[in-house]
Protein chains: 2
Amino acid sequence: METTHRNEQQRSADQRRRELLEAADRVVLRDGPQASMNAIAAEAGITKPILYRHFGDKSGLYRALAKRHTDALLAALQSALDAPADRRRRVEATLDTYLAAIEARPQVYRFLMHPSEDTGGGQQPEQGFDTGRHSAPVLRRMGEELARVIAQRVDLGPNSEVLARVWGHGIVGMMHAAGDWWLGERPCSREDLVRALADLLWGRLEQVDDKVDGPGF
Amino acid sequence: METTHRNEQQRSADQRRRELLEAADRVVLRDGPQASMNAIAAEAGITKPILYRHFGDKSGLYRALAKRHTDALLAALQSALDAPADRRRRVEATLDTYLAAIEARPQVYRFLMHPSEDTGGGQQPEQGFDTGRHSAPVLRRMGEELARVIAQRVDLGPNSEVLARVWGHGIVGMMHAAGDWWLGERPCSREDLVRALADLLWGRLEQVDDKVDGPGF
DNA sequence: AGACTGCTGTTACCGCTAGTAACACGCCGG
DNA sequence: CCGGCGTGTTACTAGCGGTAACAGCAGTCT
């Protein structure tokens, strides 16, 4: 029967794909985001063209690889965001979830934060200089998700949609940059960092007093 | 005289270096951050080994190139940060300065935001997985500068130093992420974006009301 | 049976990259 | 005249992403 054959083939292909992704995961965790296709193929016990048949090109493989981790991280953040508690506690829980994730597996974090890798190869001169677009896809998705939650739960008045998206991306960027710096220098505990960031979001920048010996304003 | 000769040589070398940097600048502006050493050498009218004698390797050239732009951007931000006005206006002016800069020259912005390019070449397997460290140097410098200004002008109570650095890097990350997203989608005017971000920093997240039809909290 | 199709896998290659070794010219002080 | 020094070149290596061309093995159709 043809359909059965097709299904078996399809199942086998999907299974193969999963195996390849797991092998790629191991190599990326070991060698960092610049792991070569050759190394990944060797880890999977095969050769390069098979990888290319499955994923098209390197960025295809990396996108598939990133999607798994991104989905997992976003699910964790969603559950923190949906916890039954007041807003301050939910914000702190979300920050802590993100920071705990990057603390637990910095290599995965580093891989996820790499931007789209551009065109990589050397053929097309990529004539059209596309604007900005430096951030990693995971940050975009987190920003959009947070914007959705903000717009859904909070009354921001007119222009609420755009305002929510600004805040979503801004807060995600704040979390990311502070987390990246903290991960490199470890200047304080995770709890302290969470509290400091939540304080910042809670308007302490407005409330704190000027220093009396400051430069006059 | 030997010293005269030496000085002339030195002056000439410095001038040459500046010429090379300007050529590299043109190529990076045209081809993006993945501009090749060959292309840069051709633009400068010379060949590769000279570039390598001047800058060591690609990341050396890129660091020298980035330093110029970073210094210029930081100087502009400093003057906005030092303007004689109240704190809210200074914050808005600083945000607007940054956003205007990335809006005016997105290619430069994109180049600056590229992280350290790792080891690039293929020699060392980079066995020791260094932690995080994804952010571009310009973001680190901006974060540290802002932290310095905050710690100097604002009274944050105990642990003020660490707190100021958290806020510095966090605010810079917020500005960067929101700016990157805005530059790609242009969902609103620059003034609107500045106001939205300043509002966020000014504690509106605390003040806004829950939506009455929200999921119950 | 035999030809055909589709999938998996290989080897061998292309053009590109970063980076380097080795050699050639000019200019200056001894 | 000659040995150093700085400037420049050509020609090369090793590795990368990506691909063409081919080999073997299933199952299907005539």
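Residue numbers start from 1 in every chain, and the chains themselves are labelled A, B, ... in the order their sequence lines are given, proteins ahead of strands.
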Item to check | Contacts of type salt bridge (charged side-chain N to carboxylate O under 4.0 Å, His left out), residue Asp192(B), not counting sequence neighbours | outcome: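 Salt bridge (charged side-chain N to carboxylate O under 4.0 Å, His left out) check on Asp192(B) returns Arg195(B).
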Rounded distance (Å) that lies between atom [atom2] of [N] and atom [atom1] of [X]:
{"X": "Tyr62(A)", "N": "dC16(D)", "atom1": "OH", "atom2": "C1'", "answer": "12 Å"}
{"X": "His54(B)", "N": "dG19(C)", "atom1": "NE2", "atom2": "C1'", "answer": "16 Å"}
{"X": "Gln34(B)", "N": "dA18(C)", "atom1": "CD", "atom2": "P", "answer": "10 Å"}
{"X": "Asp57(B)", "N": "dT17(C)", "atom1": "CG", "atom2": "P", "answer": "17 Å"}
{"X": "Met37(A)", "N": "dT17(C)", "atom1": "CE", "atom2": "P", "answer": "19 Å"}
{"X": "Leu61(B)", "N": "dG19(C)", "atom1": "CG", "atom2": "P", "answer": "10 Å"}
{"X": "Phe55(B)", "N": "dG19(C)", "atom1": "CZ", "atom2": "P", "answer": "13 Å"}

Checklist entry - Over its full length, what angle do the end axes of the helix from dA1(C)-dT30(D) to dG30(C)-dC1(D) make, each axis taken from five pairs and the result rounded to 10 degrees? => result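 If I round to tens, the end axes sit 30° apart.
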Next on the checklist: By nearest atom, which of the nucleotides dG18(D), dG9(C), dA18(C) is closest to the Lys58(B) side chain?
Outcome noted: dA18(C)
Checklist entry - Hey, is Asp25(B) close enough to Arg18(B) for a salt bridge, meaning N to O under 4.0 Å? => result no
Next on the checklist: One thing to verify: whether Arg89(A) and Asp96(A) come together as a salt bridge, which I'm taking to mean a side-chain N less than 4.0 angstrom from a carboxylate O.
Outcome noted: no
Item to check | Short side-chain N/O contact to dT8(C) OP1/OP2 from Arg17(A), under 4.0 Å | outcome: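 Indeed not, no polar side-chain atom of Arg17(A) lies that close.
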Item to check | Under 4.0 angstrom between Arg53(A) side-chain N/O and dT10(C) OP1 or OP2 | outcome: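 Checking Arg53(A) against dT10(C): no side-chain N or O falls below 4.0 Å of OP1 or OP2.
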Next on the checklist: Tell me which pairs pass ring-ring contact (aromatic ring centres under 6.0 Å, His included) where either residue lies in residues 26-55 of chain A, with sequence neighbours left out.
Outcome noted: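 Not a single pair qualifies under ring-ring contact (aromatic ring centres under 6.0 Å, His included).
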Checklist entry - Which of residues 39-52 of chain A have a heavy atom under 4.0 Å from DNA chain C? => result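 The stretch gives Ile46(A), Thr47(A), Pro49(A), Ile50(A) as the residues lying under 4.0 Å from the strand, ordered by number.
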Listed pairs under 3.5 Å, donor-acceptor, residues 37-51 of chain A side chains, sequence neighbours left out:
from, atom 1, to, atom 2, distance (Å)
Glu43(A), OE1, Arg30(A), NH2, 3.3
Glu43(A), OE2, Arg26(A), NE, 2.7
Glu43(A), OE2, Arg26(A), NH2, 3.2

Item to check | Among Val172(A), Leu201(A), Leu156(A), Leu146(A), side chain to side chain contact (heavy atoms under 4.5 Å, CB included) partner for Trp167(A) | outcome: Leu156(A)
Next on the checklist: Let me confirm one number: the CD-CG distance from Gln78(A) to Asp71(A), rounded to the nearest 0.5 Å.
Outcome noted: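 Separation between the atoms: 11.0 Å.
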Item to check | salt bridge (charged side-chain N to carboxylate O under 4.0 Å, His left out) assessment of Arg88(A) paired with Glu92(A) | outcome: CA-CA 6 Å; Arg88(A) 167 90 189 201; Glu92(A) 286 184 355; 2.9 Å; yes
Checklist entry - Which residues satisfy the ring-ring contact (aromatic ring centres under 6.0 Å, His included) test with Trp181(A), sequence neighbours excluded? => result His169(B)
